[in-house]
Each structure stands twice: as C-alpha cells, then as structure tokens.
Amino acid sequence: MNDGTLNVSVFPHRHLLGIEGLSPVAISLLLERAASFVELNRRHDNKLATLAGRTVMNLFFEDSTRTRTSFELAAKRLSADVINMTVSTSSIKKGETVVDTAMTLNAMHPDVLVVRHADAGAVQLLAEKVNCAVVNAGDGRHEHPTQALLDALTIQRRKGKIQGLQVAICGDIAHSRVARSNIHLLNAMGARVRLIAPKTLIPAGIERLGVEVYHEMEAGLRDCDIVMMLRLQSERMQGNFFPSTREYYRFFGLDYAKLASAKPDALIMHPGPMNRGVEIASDVADDIGRSAIREQVEMGVAVRMACLEVLCAKLDEEAGQ
Ligand code: NCD
C-alpha cells in the first residue's frame, strides 16, 4: 500500500524523457509506487492530497485522447491543478514553436510539463529550456516511457514477474516509440525480446538493442509468454511499406491461428488505438481471458500517478524540503 515513505534517491533524474538510461531499481521504484495506486483507483473515494498545490501542464503538439486523459486523471487523483494545452504545429516551424512555447509556459511556473510531440528529440530540447520537471508523453518514433511502464505493470500483475519472460513485439516497429521504450524496459528487467515484422518495418541495426528479429509470425510467436501488437502508424509512413492492409493482416495480423504458436496462456497486449482487422482480429482483442488491453489502460493512470509523484518528490528534494 501507499504508506507515504518514498525514497527517491534511487531515481537520480529530474525528468522522465525515456526508459533508456533508467536503472532497474529506478524502474522498479516507479512500478512499485504505481502498484500501490491500483486498488485506490478502483474506489470511489480515490483522491490523495500528495500533489496539492502543484501544477501539471499537459502540452500536446500531437493529437491524443487516451494518453492526455490518463495524465489528467492521474494528476487530479493526486490533487494537482491541471491545465491542458493542445498546440497545432502545422503552420509554424516546429523547432521555434517548441522553444517559444516552453519559455512562455515556464514563465507561469508549472511544476511538471507533460509533453507529446511528433518529432523525436523535441521533448528533450524543451526540457533543456525550462525549470520544471518534464515527462515525455511520446516524441515521434523515439520513446514513450509511461507506455512501457504501464505495459510492465500489466505484465507483472498478470504473470507475477518480468524476468525470464519471452516477449514478442509485433508489427510496425520502425515507426513505434512504444516498441523502443518497451525494448529498453524489458531488457533492463531481464525479459527476452523478439521483434516480428515485415523487413520494411524493422529499422536497420535494431539487433544491437539485444533483440531477436523474425519476419514470420508462427516462428516468432513460438513459446512466447507475451504477444504485444502494434498499430500501423500510417501517419509516420512516407511511401508504401506493404502491398495492402489486407495482405498485411493475412501475414502479420494476430488471429487465433497465429496465436496458437505462442504459449497456451500467452497474454495479448496492444497500446491502442487498435486497427481491428488490420493488426489484430476483433475476437482476439476482446478475448476476456487472454487480452490485457483494457487493463493496460487502467494501469496507465496508476503509472502516471507514480511518475508525477516521484518527479515532484525530486523537486521537493531539490528545494531542500
Ligand atoms: C501509442 C502512441 O501514441 O505512441 N498510443 C498511445 O500512447 N495511446 C501507440 C499508437 O499510437 O499506436
């Protein structure tokens, strides 16, 4: 349970910009704190005073429904004041927008900025310009750390561990920040990671991150404990990466026939939003016994509460309180 004792010395970071560079103890701290919020979130009297007086700003340069809502709810559950800003970047040079916006918001003294941006590296750039803590809510195809943390919490709760599990991440790896953050986290926590995708959707040299690459679902899914499906990120594709979505579904869409290669109790995951009938069959996605897709959304709020709590505790520590 959340007993109020929080030792943030194992988390030597001001921001949460990615999973890369986080130690297993830092990851475990976030997961433990998150786990302590899950039961609380299921109650109707689910508000804590932890962040009363703090201001969290959600700054989204890219459309998002579930991630923004999840951060908003997380901040409100901890009694922070929350401001949501959605900024269109279409007509302005992106680099300028980020820095200008950062300086403007900085002048309003938020405690935490939660930022999503279509360009990899934009959130880091912004973090260098402001005084507050920054959480990366997804930057281009680079990282999406809270997604990997919520996936890890879901796995831990369903399987009792992460260490030693065989995890397959399937689909559009090339354009996915979710895949990248998950690869770092799962490797750090001792899982084995396989990537399954057509050759055109696997970035060159990805094996260097310590993963095995497969181009065929049946072989890649063999004896896997976790099957993590990814959305085809067509908004990031320039050109054709596969003949048609029908063809893609035939070879890479998760249906029961392909799933039969994985372990009988393999858990099915997807970060959402899903393209039903493209990367996953509807009946598989909705399989109550095997799909953890709804639980992932639930764990998202708990994980984001933990991230906000830890980053604000670091601010207290810095201020000598
Ligand atoms: C993911 C994202 O935005 O990277 N979704 C999310 O955070 N809910 C994955 C995706 O968009 O496919």
Side-chain angles (χ1 to χ4, degrees), residues 16-20 30 34 58-75 84 86-87 89 114-124 134-155 167-186 195-197 201-203 226-237 241-242 245 248-249 252-254 268-280 285 291-308:
L16 179 61
L17 299 177
I19 298 293
E20 189 177 14
L30 294 172
N58 284 327
L59 177 58
F60 280 65
F61 293 92
E62 202 185 56
D63 284 345
S64 160
T65 312
R66 85 178 61 201
T67 305
R68 194 196 49 68
T69 314
S70 182
F71 269 108
E72 182 175 352
L73 211 51
N84 293 313
T86 304
V87 189
T89 49
V114 177
V115 188
R116 172 169 282 198
H117 199 283
D119 294 341
V123 182
Q124 158 103 46
V134 175
V135 181
N136 181 1
D139 64 326
R141 58 181 79 176
H142 176 227
E143 280 235 36
H144 190 355
T146 56
Q147 179 69 44
L149 287 162
L150 75 86
D151 290 339
L153 183 61
T154 308
I155 294 172
V167 182
I169 307 179
C170 319
D172 186 1
I173 314 286
H175 301 98
S176 176
R177 51 197 175 206
V178 175
R180 223 156 258 98
S181 289
N182 262 302
I183 292 169
H184 289 304
L185 189 147
L186 292 165
L195 305 180
I196 314 175
L201 292 177
I202 292 272
I226 310 288
V227 183
M228 208 180 264
M229 301 307 298
L230 298 174
R231 184 174 65 88
L232 278 177
Q233 317 250 303
S234 36
E235 74 276 21
R236 294 200 190 100
M237 292 180 193
F241 288 78
F242 45 86
T245 49
Y248 181 84
Y249 180 69
F252 293 96
L254 187 69
I268 300 152
M269 301 176 73
H270 191 303
M274 278 186 278
N275 294 308
R276 292 168 182 265
V278 178
E279 69 261 356
I280 189 163
S291 164
I293 298 172
R294 268 188 244 161
E295 197 172 325
Q296 287 173 271
V297 179
E298 185 187 3
M299 294 307 119
V301 178
V303 152
R304 288 165 181 131
M305 287 167 78
C307 295
L308 294 174

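We count residues from 1, following the sequence as given. Just so we're clear, the structure is a prediction, and the values are computed from it rather than from any experiment. In each ligand, atom 1 is the first atom listed, and ligand 1 is the first ligand listed.
More than 12 heavy atoms of other residues, nucleotides or ligands shown are found within 6.0 angstrom of CD on Gln233.
Close approach to Thr67 involves these atoms of ligand 1, each under 4.0 Å from a residue heavy atom: 6 (C), 7 (O), 8 (N). Distances below 4.0 Å separate heavy atoms of Pro271 from the following atoms of ligand 1: 8 (N). Within ligand 1, the atoms closer than 4.0 Å to a non-hydrogen atom of Gly272 are 1 (C), 5 (N), 6 (C), 8 (N), 9 (C), 10 (C), 12 (O), numbered from 1 in the order shown. The distance from ligand 1 to the heavy atoms of Val178 drops below 4.0 Å at these ligand atoms: 1 (C), 4 (O), 9 (C).
The option from Arg66, His144, Arg231 that lies nearest to atom 11 (O) of ligand 1, judged by heavy atoms, is Arg231. Selection from Gln233, Glu235, Gln296, Arg177 by nearest heavy atom to atom 2 (C) of ligand 1 gives Arg177.
For Pro273, no nitrogen or oxygen atom sits less than 3.5 Å from a nitrogen or oxygen atom of ligand 1, counting backbone and side chain alike.
Using a 4.0 Å cut-off between heavy atoms, Arg116 contacts ligand 1 through its side chain alone, with no backbone atom that close.
Asp119 places no side-chain N or O within 3.5 Å of a backbone atom of Gly140 that could act as its donor or acceptor partner. A donor-acceptor pair is defined here as one N or O able to donate and one able to accept, closer than 3.5 Å; no such pair exists between the side chain of Ser181 and the backbone of Ile19. With hydrogens and angles ignored, the 3.5 Å screen pairs a side-chain donor or acceptor of Arg180 with a backbone N or O of Arg141.
The closest approach between Gly138 and ligand 1 stays at or above 4.0 Å for every heavy atom of the residue.
The side-chain heavy atoms of Asp151 and Gln296, taken from C-beta on, include a pair separated by under 4.5 Å. With contacts defined as side-chain heavy-atom distances shorter than 4.5 Å, the pair Val123/His142 does not qualify.
A side-chain N or O of Glu279 and one of His270 form a donor-acceptor pair less than 3.5 Å apart.
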